[in-house]
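Whatever order the structure lists them in is the order used to number ligands and atoms, beginning at 1. FYI, the numbering just counts along the sequence from 1.
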Amino acid sequence: MSATTVVAGAILSDDGRILLAQRAYPPELAGLWELPGGKVEPGETLADALVRELCEELNVRVEVGDRLAVAVTLESGLELIALRATIVDGTPTAAEHRMIEWVDAERLRALDQAGAVVPNDREWLPEILADLLER
Ligand code: 9L3
Ligand code: MG
């Protein structure tokens with residue numbers, strides 16, 4: 001994996017919620033909600049990078065699961081991949097985001113309809129909604 005890959009975590013709870021994080025930067029994305037994560041560093045696997053990023057951003061330790069089928073290419077050329085993840089230690093806090101929120105399917109749809117989801121992350125919503133509704 002190179003530094004042109006970004007990995008994001010779809011952190012699902014047993015009760016049908018997903019953890020969303022509200023970006024604080026850059027200005028054009030500030031205030032929008034995303035799956036937390038960041039750039040894969042040289043030598044890291046996707047899973048390594050996600051574990052590191054979610055530790056830095058949320059102060060939790062996660063176990064990484066399978067990836068969402070859709071991969072997104074950003075305008076900047078970055079490739080964005082999402083992996084399912086489960087928290088195995090810690091309570092999430094917004095260390096780098098404005099805030100975080102566990103959202104159910106209804107709230108996720110409402111945020112999306114309000115234009116409050118980071119545009120690239122919207123491509124994952126059908127898969128995430130299907131996951132949430134079967135829990
Ligand atoms: N990005 C988009 N959606 C996401 C994540 C984690 C990241 N769910 C985009 C925003 C930035 C770039 O990827 O342009 C790098 O992300 P970060 O390191 O600023 O989180
Ligand atoms: Mg990040």
Among all protein heavy atoms in this structure, tell me which lies nearest to [atom], with the distance rounded to 0.1 Å.
atom: atom 4 (C) of ligand 1; value: E34 OE1, 3.1 Å
atom: atom 18 (O) of ligand 1; value: G38 CA, 3.7 Å
atom: atom 12 (C) of ligand 1; value: L78 CD1, 3.8 Å
atom: atom 3 (N) of ligand 1; value: D121 OD1, 2.7 Å
atom: atom 10 (C) of ligand 1; value: R23 NH1, 3.6 Å

Any [X] heavy atom less than 4.0 Å to ligand 1:
X: E53; value: no
X: L74; value: yes
X: N120; value: no

Closest non-hydrogen atoms of W33 and Q22, given as atom of the first, atom of the second and distance, are CE3-N, 3.5 Å
Where the Mg ion (ligand 2) is the corner point, what angle links OE2 of E57 with O of G37, to 10°?
-> 90°
Are [Y] and [X] co-members of a hydrophobic cluster defined by side-chain heavy atoms under 4.5 Å apart?
X: M99; Y: L20; value: yes
X: I87; Y: V7; value: yes
X: V70; Y: I128; value: yes

Would you find more than 12 non-hydrogen atoms of other residues, nucleotides or ligands less than 6.0 Å from E75 atom CD?
-> no
Has E56 got more than 12 heavy atoms of other residues, nucleotides or ligands less than 6.0 Å from its CD?
->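 Yes, the 6.0 Å shell around CD holds more than 12 heavy atoms from other groups.
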Identify, by atom number and element, the atoms of ligand 1 in contact range of [X], meaning under 4.0 Å from any of its heavy atoms.
X: V6; answer: 7 (C), 13 (O)
X: Y25; answer: 19 (O)
X: L80; answer: 2 (C), 3 (N)
X: G37; answer: 6 (C), 20 (O)

Indicate yes or no: does R107 engage E101 in a salt bridge with an N to O separation below 4.0 Å.
-> yes
To the nearest 0.5 Å, atom OG1 of T45 lies from atom CG of L50 at 9.5 Å
Rounded distance (nearest 0.5 Å) linking atom CG of L108 with atom CH2 of W124 =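 Answer for the CG-CH2 pair, L108 versus W124, is 13.0 Å.
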